[in-house]
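Please read all numbers here as calculations on a predicted model, not as lab measurements. When a ligand or atom number is given, it counts from 1 through the structure's own listing order. In this chain, numbering begins with 1 at the start of the sequence shown.
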Amino acid sequence: MFDPDTLPYYDPAKERKVAVITGGTGGIGYYTSLHMYLHGYVIYMCGMNSHRVNKVIQEIVKEAETRVIMSPKDTLLRNAIFGSLRYIHLDLRDLNCVERAAAKIEKLEEKVDVLINNAGIMAVPYEETKDGFEVQLQTNYISHFLLTMRLLPLLKKGDSRVISLSSIGHNLEFTYWKLSQSFKFPPNLIFTWFRYAMSKTALIQGTKMLAIKNPDVLCLSLHPGLVMNTNLFSYWTRLPIIGIFFWLLFQLIGFFFGVSNEQGAIGTLRCALSRDISAENDNGKYYTTGGVESKSSSVANNLDDAASSWIWTVHELKKRGFEV
Ligand SMILES: NC(=O)c1ccc[n+]([C@@H]2O[C@H](COP(=O)([O-])OP(=O)(O)OC[C@H]3O[C@@H](n4cnc5c(N)ncnc54)[C@H](OP(=O)(O)O)[C@@H]3O)[C@@H](O)[C@H]2O)c1
């Protein structure tokens, strides 16, 4: 697996590198933020709850110090100069909140080097946000689309990288589903997965379209791996009685096919920081566990369908007063 210690280390006093990450409090996002902090990045941690994000920031700072002390003397990590971590309020279920978060970052920074669209929810019951979208579609895709478009001018002044966490689950979309399709049918046990797959396919399609429209910005999507000990599965494992069955099932999957929370962050880190990947050679590509180049589904790869999803998203945002 790719070793994040081989990625470049920056001294924020000499070369200020700025990253924006959504969902840094979660399993994969936590380790992504930790490594980027170790590599000297100024990180804006966008999350819903200030108490939770600030607690995680303290944990990352502590863990970073421990890792440096524990690392062998001749490693680059031993001499790492840490970046910094700052909280930005962001609830992806609210488009106005996305606008405010982007505006705040614009006020604070002249450029952004990397945007990591990491936050996500999976297989939750049908719910509509106050913006009128199905909650998985908005959280996983539409709000990240808006955030990306708002930060694009800043990204173009920096290292110009947009990394979006999709999922192997996008393959469940076996034929193209228009994004206006809401799958509001019972049973939730089946149709919630279709809604998840649709949101994660849309994220890959959006990445490919963004890459075509902005060849100077490196836009990548990825599946981080099966990381079973994160909160992503908590809706199912917390169900009364039957939750035990789901917990056991997820543990079994994790045992045979899973990777650790930290290994789940490796793909993102490679895409976000590696100098081996460039906009000229790799734009729009899809990666998998450990940062290995892979292929997304034929549905996600179809550029006509990707264009339809893009146009639908732009129209729906416009209807709600958000010009992109
Ligand atoms: N774990 C896996 O096996 C797996 C597999 C494939 C893809 N993925 C993708 O990888 C990404 C990270 O997953 P994970 O396993 O680390 O999940 P996780 O532990 O549940 O973390 C999800 C993160 O998203 C944040 N979030 C959720 N809803 C939000 C909202 N409305 N506004 C802002 N932030 C919100 C959460 O914040 P709070 O802490 O405040 O709730 C949390 O920080 C997700 O996009 C997921 O779909 C994961």
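In this structure, Phe233 has its ring center no closer than 6.0 Å to that of Trp247.
Put simply, no part of Asn49 is less than 4.0 Å from ligand 1, judged by heavy atoms. By the 4.0 Å heavy-atom criterion, Ser166 is counted among the residues contacting ligand 1. At least one heavy atom of Gly225 sits less than 4.0 Å from an atom of ligand 1. Heavy-atom separations between Thr22 and ligand 1 are all 4.0 Å or longer. In this structure, Tyr30 has no heavy atom closer than 4.0 Å to ligand 1.
Between the side chains of Gln136 and Ser199, no donor-acceptor pair of N or O atoms lies under 3.5 Å. For the residue pair Thr148 and Asn117, a side-chain donor N or O sits within less than 3.5 Å of a side-chain acceptor on the partner.
Look at Glu59 and Arg52 and you find no salt bridge, because none of the NZ, NE, NH1 or NH2 atoms lies under 4.0 Å from a carboxylate O. A salt bridge links Lys17 with Glu15: the distance from a Lys NZ or Arg NE/NH1/NH2 to an Asp or Glu carboxylate oxygen falls below 4.0 Å.
Considering backbone and side-chain atoms alike, Asn231 places an N or O below 3.5 Å from some N or O of ligand 1.
Only the side chain of Pro224 comes within 4.0 Å of ligand 1, counting heavy atoms alone; its backbone N, CA, C and O stay farther away. Contacts of Met122 with ligand 1, taken as heavy-atom pairs under 4.0 Å, are absent altogether. Both the backbone and the side chain of Asn118 come within 4.0 Å of ligand 1, counting heavy atoms alone.
Listed by atom number, the atoms of ligand 1 under 4.0 Å from His223 heavy atoms are 5 (C), 6 (C).
Looking at Val56, Thr268, Ile21, Ile28 and measuring to atom 13 (O) of ligand 1, the nearest heavy atom belongs to Ile28.
The backbone N or O of Cys271 lies less than 3.5 Å from a partner atom in the side chain of Arg161, making a donor-acceptor pair.
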